[in-house]
Amino acid sequence: QVQLVESGGGLVQAGGSLKLSCVVSERTYSRYTMGWFRQAPGKEREFVAAISRSSSTTAYADSVKGRFTISRDNAKNTVYLQMNSLKPKDTAVYYCAAGMIISSWYQGREYDYWGQGTQVTVSS
């Protein structure tokens, strides 16, 4: 069973930064497209960012473009989400996800495995 473990969440003031990490317990990690999603209280889960197997391609939600950066280190089985210029509306539980065969990076149902989530709270 593939396990994903996120870390790096916390409480930060508006304008601050956080870096999330997600370690994948799978030796074939490099075969997976990796994504980050988030879910705020009372709202549906939404796409944040995704990165291809080789890191050659990335995608971002319009709401985070220019502020968030997704990256991965295949040698460490880890995907990262650097979040800068955080806003209160970024407050949510952030989840990483892994998918082997994905036709649409933006759809959560395309991903096969999910982490337990890490809370990010941005105060105004």
Side-chain angles (χ1 to χ4, degrees):
Q1 179 72 14
V2 178
Q3 293 185 328
L4 286 69
V5 180
E6 302 100 333
S7 62
L11 174 64
V12 64
Q13 289 188 333
S17 298
L18 283 174
K19 186 174 184 177
L20 306 183
S21 299
C22 174
V23 179
V24 182
S25 65
E26 170 59 47
R27 62 182 176 85
T28 59
Y29 160 79
S30 62
R31 298 181 184 179
Y32 289 87
T33 295
M34 299 298 299
W36 285 96
F37 290 75
R38 67 186 182 186
Q39 187 167 19
K43 295 188 176 181
E44 293 186 353
R45 182 180 62 194
E46 65 175 358
F47 170 80
V48 176
I51 188 167
S52 64
R53 297 175 183 86
S54 64
S55 302
S56 60
T57 306
T58 57
Y60 297 92
D62 288 343
S63 59
V64 307
K65 202 170 293 183
R67 299 188 298 122
F68 291 11
T69 302
I70 188 171
S71 62
R72 65 190 294 167
D73 185 337
N74 287 349
K76 296 182 178 180
N77 282 23
T78 303
V79 62
Y80 305 97
L81 186 68
Q82 176 67 48
M83 305 185 295
N84 298 328
S85 302
L86 283 161
K87 305 175 181 180
K89 65 179 181 179
D90 294 317
T91 295
V93 177
Y94 283 70
Y95 299 90
C96 70
M100 184 73 77
I101 301 173
I102 295 180
S103 58
S104 172
W105 290 8
Y106 306 91
Q107 299 296 326
R109 62 177 179 267
E110 297 277 342
Y111 293 79
D112 305 307
Y113 303 101
W114 292 80
Q116 82 290 348
T118 185
Q119 176 71 47
V120 171
T121 303
V122 184
S123 63
S124 56

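Fair warning: this is a prediction, and the values are worked out from it, not measured in the lab. All heavy atoms count here, side chains included; hydrogens, waters and symmetry mates do not.
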(request) Show your reasoning for whether side chain to side chain contact (heavy atoms under 4.5 Å, CB included) applies to Gln82 and Leu18. (result) CA-CA 6 Å; Gln82 176 67 48; Leu18 283 174; over 6 Å; no
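- By the 4.5 Å heavy-atom criterion applied to side chains, Arg53 and Thr33 are counted as neighbours.
- Between Tyr29 and Val79, the shortest heavy-atom distance links the atoms OH-N, 3.6 Å.
- Looking at Thr121, its side chain never comes within 3.5 Å of a backbone N or O of Leu11 through a donor-acceptor pair.
- In terms of hydrophobic clustering, with Ile, Leu, Val, Met, Phe, Trp and Tyr side chains grouped at heavy-atom distances under 4.5 Å, Ile101 and Ile51 are assigned to a common cluster.
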(request) Check step by step if side chain to side chain contact (heavy atoms under 4.5 Å, CB included) holds for Tyr60 and Thr69. (result) CA-CA 8 Å; Tyr60 297 92; Thr69 302; 3.8 Å; yes
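- Using a 4.0 Å cut-off between charged side-chain N and carboxylate O, Lys65 and Asp62 make a salt bridge.
- With hydrogens and angles disregarded, a donor-acceptor distance shorter than 3.5 Å links the side chain of Glu26 to the backbone of Thr28.
- Counting only heavy atoms from C-beta outward, the side chains of Val120 and Thr91 never approach each other to under 4.5 Å.
- The shortest heavy-atom contact between Leu4 and Tyr113 is CD1-CB, 3.6 Å.
- Of the inter-residue distances, the one linking Gln116 atom CD with Ser7 atom OG reads 9.0 Å to the nearest 0.5 angstrom.
- Side-chain atoms of Asp73 and Thr78 include no donor-acceptor pair closer than 3.5 Å.
- Each of Tyr95, Tyr94, Trp114 was evaluated against Phe37; a single residue qualifies, Trp114, per the ring-ring contact (aromatic ring centres under 6.0 Å, His included) test.
- In this structure, Phe68 has its ring center at least 6.0 angstrom away from the ring center of Trp36.
- Between the OG atom in Ser104 and the CZ atom in Phe47 there is a gap of 8.5 Å [rounded to 0.5 Å].
- At least one side-chain heavy atom of Met34 sits less than 4.5 Å from a side-chain heavy atom of Val24.
- Annotation: the span from Leu20 atom CG to Ile70 atom CD1 amounts to 10.5 Å, rounded to 0.5 Å.
- How far CG of Asp90 is from OG of Ser63: 7.0 Å, rounded to the nearest 0.5 Å.
- Of all heavy-atom pairs between Ser124 and Pro88, the closest is CB-CG, 3.9 Å.
- From Tyr32, atom OH reaches atom OG of Ser52 across 16.0 Å, with rounding to the nearest 0.5 Å.
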(message) Set out, in order, the CA-CA distance, both residues' side-chain angles and the distance that settles side chain to side chain contact (heavy atoms under 4.5 Å, CB included) for Glu46 and Arg38, then state yes or no.
(response) CA-CA 5 Å; Glu46 65 175 358; Arg38 67 186 182 186; 2.5 Å; yes
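- A donor-acceptor pair is defined here as one N or O able to donate and one able to accept, closer than 3.5 Å; such a pair exists between the side chain of Tyr111 and the backbone of Trp105.
- There is no side-chain donor-acceptor pair under 3.5 Å between Ser21 and Glu6.
- Side-chain contact check for Val12 versus Met83: every heavy-atom pair is 4.5 Å or farther apart.
- Between Ser85 and Ser17, the shortest heavy-atom distance links the atoms N-OG, 4.3 Å.
- Side-chain contact between Lys89 and Val122 is absent, with no heavy-atom pair separated by less than 4.5 Å.
- Closest non-hydrogen pair, Val48 versus Val64, comes out as O-CG2, 3.6 Å.
- Of all heavy-atom pairs between Arg31 and Met100, the closest is O-SD, 3.6 Å.
- Between the CG atom of Asn77 and the OG atom of Ser30 there is a distance of 8.0 Å, given to the nearest 0.5 Å.
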